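See below for the structure under consideration.
Everything quoted here is computed from the prediction, not taken from an experiment. Naming convention: chains lettered A, B, ... in sequence-line order (proteins, then strands); numbering from 1 in each chain.
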Amino acid sequence: MIMEYNKIRVRFAPSPTGHLHIGGARTALFNYLLAKKYNGVFVLRIEDTDELRSSAESMNSIFESLKWLGLDWDEGAMADGREKGDFGPYIQSKREAMGIYKKYVDYLLEKGYAYYCYCTVEELEEMRKKAQLEKRPPRYDGRCRNLSKEKIEQYKKEGRKPVIRFKMPDDGITKWNDLIHGELKFENRLLYDFIMIKASGYPTYNFACVIDDYLMGISHVIRGDDHISNTPLQINLYKAFGWKLPEFAHLSMILGPDGLRLSKRHGATSIGEYKRLGYLPQTLKNYLALLGWSTPDSQQIFEEGELEKKFDLSGCQKNPAVFDTTKLTWMNGEYIRKLSKEKLYELALPYLKEADINLQKAKVNPQDIVAIEQEKYKLLSDVPKLVDFFFKDDIDYDADSVEKVFRKPEVRDILIGLKDLYSNMDGFSEALIEEKTRAFSKEKGYKTSQVFHPLRVSVSGRACGPTLFRMMEYLGKEAVIKRINKSIELINKLF
RNA sequence: GCCCUCAUCGUCUAGAGGCCUAGGACGCUGCCCUUUCAAGGCAGAAAUCAGGGGUUCGAAUCCCCUUGAGGGCGCCA
């Protein structure tokens, strides 16, 4: 059914009242992927009709996160303040200022599809309370639908600022065929006269969204499940104008591990936070795609560009998905392993700097040092703590490792022997160190593990680390001998 | 309270009437590899398909009810 459209036009329409969070990013991603899949257009529209909570900082933060995720938009507002596309402006406050919405409000007013409502917020609050008590739905009761001329004059004299409401049909059914849920229907008598224009003159979401989706030629409205109940309201607006409906697709919600809607108390929620924690954009993109969507063979990892080819609304799930950080983190490890060592180093750099690691201290290219533990990083932020000992003059010895490895009686002699061995070596390459060390073990009658373990702790300060002989090569002969000396002193002191 | 939605391993999911003694992935357990930790390979535990009724020769798949969960009922979006 999607192919009926000449050109798919989808949009992501965030309100700039905070950072881009997981749910928003997933919605943006699905819109983006559908556009790519069908060679359509992905529009970014800013819905800043909440005058109190919208901010330019939030808008820029959203731009930044979207770009970081690689969700480039074809049309819409841009970070530099300009716009691209022929359907602009793409920021609703700008559209309002141009009087775009007013035209449509006037039409509705004139045709009797809309009316002024002079109720105050207090009156509305009271209305809701009363309805609750009487076990009726707490909705606006339509009392201003047919105000007398006198009443209107009176309200005006009182200085009341009216809102404009949409006159919802009293009966009938509003239904649509949701691309994910199938047929969805609502009884019109259960709908209510929603506000289109606030007392401030600003449009509300339900109004501006419809006008703009229409004017921007949006063919598919893909958004969260939480908008299902807004949809019949909006459809009635389309009908009042006599406009063709777009297709609707409502994505399931993303929940926290406790089954509740994802929120701050579940930890990181914004894309920016995940970036800071050391997740890769590829990871988020891949993982988010799998929240509510899958291929028939449950493919997990996607190559670059593959999601754009394989994604489709038909693979979308109706039920909500729990956001699982464990799987996200596993996937990040997968993507870190795919990185070239140059790229890995580049991405790890901010974390190394933050950990105050002095890169000048390295005896070899720091790129090689970072790469030596590549298969172990789950997060970019893991990098400093796994390789820090390469960049220090003086290392600390991990107490548990010392206790477990250094306490053995033969360790002192082994280390002394190794120190002499290395001091007399010409060259200090991985292969050479290994050859000499193995020969040493054999000659002295030790099992290799008896030698390798203490050596590892001696040169790195801990029992777990990179492959031993390459680590030693990167450390350099001088540092290795110095550290062996230090650990011998430590053993003399402790045992 | 009213309206709406949803329901397969702990989690993400495959499944569109017989291929299901329910498949994959994360996580978990064990083994192999191995100088450690990882990575990798192999094996395994893990879902009476929410429960109950139908329909059908046959149901995870279709229908109904119940239950549970989520969403909405704003001059927020």
Handout entry: A:Arg145/A:Asp170 salt bridge by N-O under 4.0 Å criterion
Key = yes
Handout entry: Exceeds 12 heavy-atom contacts within 6.0 angstrom, atom CZ of A:Arg412
Key = no
Practice task
Searching all strands shown, indicate the nucleotide that pairs with B:A7 (Watson-Crick or G-U wobble; both distances under 3.5 Å).
Solution key: B:U67
Problem - Where protein sits on nucleotides 39-44 of chain B, one letter per nucleotide: B base, S sugar-phosphate only, - none, heavy atoms under 4.0 Å - result: SS----
Practice task
Under 4.0 Å between any heavy atoms, over every strand shown, what does A:Arg462 touch: base, sugar-phosphate, or nothing? Just pick one.
Solution key: nothing
Handout entry: Nucleotide paired to B:C42 in any strand shown, Watson-Crick or G-U, under 3.5 Å
Key = B:G30
Problem - N/O (side chain, A:Gln317) to phosphate O (OP1/OP2, B:A14) under 4.0 Å - result: yes
Problem - Any N/O donor-acceptor pair, A:Thr467 side-chain to B:U35 base, under 3.5 Å - result: yes
Problem - Check: A:His227 main-chain N/O paired with A:Thr231 side-chain donor or acceptor under 3.5 Å - result: yes
Problem - Charged N-O contact under 4.0 Å between A:Lys198 and A:Glu51 - result: yes
Exercise for the section: Give the rounded distance in Å between these two atoms: CG of A:Asp193 and P of B:C73. Expected result: 16 Å
Exercise for the section: Could you measure between the two P atoms, the one in B:G18 and the one in B:U61, and give it in whole Å? Expected result: 12 Å
Exercise for the section: For residues A:Arg337 and A:Lys378, report the shortest heavy-atom separation together with the two atoms involved. Expected result: NH2-NZ, 4.2 Å
Practice task
Run the salt-bridge test on A:Arg128 and A:Glu125 with the 4.0 Å N-O cut-off and return the result as yes or no.
Solution key: yes
Practice task
Between A:Arg53 and A:Gly182, just flag the one whose closest nucleotide in RNA chain B comes earlier from the 5' side.
Solution key: A:Gly182
Completion exercise
Note: for A:Cys464 and A:Leu291 on RNA chain B, the residue whose nearest nucleotide lies more 5' is A:Leu291
Exercise for the section: Rounded to the nearest angstrom, tell me the gap between atom CG in A:Asp225 and atom C1' in B:C3. Expected result: 15 Å
Exercise for the section: Can you check whether any acceptor in the base of B:A77 is under 3.5 Å from a donor in the side chain of A:Asn230, or vice versa? Expected result: yes
